[in-house]
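Here the structure comes first, spelled out in structure tokens, and everything after it is commentary.
Start at 1 and go down the list; that is how both ligands and their atoms are numbered. Because the structure is a prediction, the values reported are computed rather than measured.
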Amino acid sequence: MPAMSRCRVCQHALLEFFDFERQPLSSAFVAPDGTDDEFFFRLAVGMCESCALVQLIESVPPELAHHEGYPYHSAGSSVMTKHFEETARRFIETELTGPDPFVVEIGANDGVLLHTCGEAGIRHLAVEPSGAGTVRVHRAFFDAASAAAILATDGPADVVYSANTICSVPDLRPVFEGLDVLLASDGVFVFEDPYLGEILERTAFDQIYDEHVFFFTVRAVQALAERFGFVLADVERLPVHGGQIRYTVARAGRRTPTPAVAELLAEERELGLTDMATLEAFGRKIQGIRTELVALLHRLRAEGHTIAAYGATAKSSTIANYCGIGPDLVPYVCDTTPAKHGRLTPGSHIPVRPAAVFADPYPDYALLFAWNHAEEIMAKERAFREAGGRWILYVPHVHVV
Ligand code: TMP
């Protein structure tokens, strides 16, 4: 069996349950004259037959995975800014109450959480290789070496936090080795990532793209933590980004797991979340959404309606490429990120235009690629519906509102 068909954590065989076939890198927005050298790989997902960790079958080469100018900034969304501010305040009230506490964030996006901690006078540090932003940064991947360097200068960490990052680290061993070095004896590692249960419930298959290597469940994270000498101490469901779980991990023997851990484990068992039959049924629903969405777009075009897309998200790469949605069906996508303007969506080559273009004039229908920000966007764009415009959504099923 080729190495890539084995679990990245425990090396057992991966049981494949869906294949999206040829897909580009989801953040590789291309210049109009640069479409000849795009990178493609086989996007397919499977579950480990032993530890039940759901993951991509193939990884993209690491030098391509973290390419320059990564266009994600959490401050693009006021909901996410509020989420990180609230998370910081929660830490300040719970885990960061000792004398001179210290918080570390792995992959700090634009630093909202650490900035909020800093304003409260708490020592903080971001650990990430690119390291732009307003907070203090240690420029490295988080592993035993960088953890030792931080320990030497700053001492042990009371909290190591990470949002939307751990699920995209193909090799988790160095991360746990780093935690073992840096965490205070009573410290916690808190991370939040998309939840497989939520992805299945909503058929949110667009969460599956190159940068999301793992799709965690409570069952798989518990096994993962124990494998590296830790314990899964708490879990909490979060509404952000279309449904996530926040996992709290502590050193083995230091914390008693909260009832929430057993409750969610029982729920996962009841739902058959890590049964192949459930995962294969999810695959059939994905195929159904493709058929319906493509038929709807063709019908609207045939009827002479204008269509635009809204939000050139990383996750829309999977939808657009899997469904074959290109500029012939959806002539442009509006987005607030200046770095994406004038470029084409990866693989599907839909031109990205500034958000202001949306109203100039409004299309008849808007395909909401950024559905995870639906509430915020629909509130902001109220005038679109008032002018007779309609949103097209495909999560949890194809519908027009
Ligand atoms: P994300 O789902 O990874 O946060 O990506 C959100 C994308 O959607 C990003 O390219 C910015 C875009 N966006 C808008 O264009 N308008 C908005 O109101 C929001 C919240 C996001």
Distance under 4.0 Å to a non-hydrogen atom of [X]: what atoms of ligand 1 satisfy this?
X: Thr337; result: 9 (C), 10 (O), 11 (C)
X: Thr313; result: 2 (O), 5 (O), 6 (C), 7 (C), 8 (O)
X: Asn372; result: 2 (O)
X: Lys315; result: 2 (O)
X: Asp335; result: 7 (C), 8 (O), 9 (C), 10 (O), 11 (C), 12 (C), 15 (O)
X: Lys380; result: 16 (N), 17 (C), 18 (O)

Aromatic contact, [X] with [Y] (centres under 6.0 Å):
X: Phe282; Y: Phe18; answer: no
X: Tyr247; Y: Phe189; answer: no
X: Phe216; Y: Phe214; answer: yes
X: Phe358; Y: Phe384; answer: yes

Heavy atoms from other residues, nucleotides or ligands near CZ of Arg42 exceed 12 (cutoff 6.0 Å): yes
Check side chain to side chain contact (heavy atoms under 4.5 Å, CB included) between Asp171 and all other residues, then give those that pass, not counting sequence neighbours.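 Asp171 satisfies side chain to side chain contact (heavy atoms under 4.5 Å, CB included) with Arg173, Pro174 only.
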Minimum distance, heavy atoms only, to atom 1 (P) of ligand 1: which one of Glu381, Glu211, Lys340, His373 is it? His373
Could you check whether any heavy atom of Met80 sits closer than 4.0 Å to an atom of ligand 1, since that is the contact criterion I want to use? no
Hey, does Tyr310 come in under 3.5 Å of ligand 1, counting only N/O atoms on both sides?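 No - when backbone and side-chain N and O of Tyr310 are compared with those of ligand 1, no distance drops under 3.5 Å.
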Residues in ring-ring contact (aromatic ring centres under 6.0 Å, His included) contact with Tyr365, at least two apart in sequence or another chain: His305
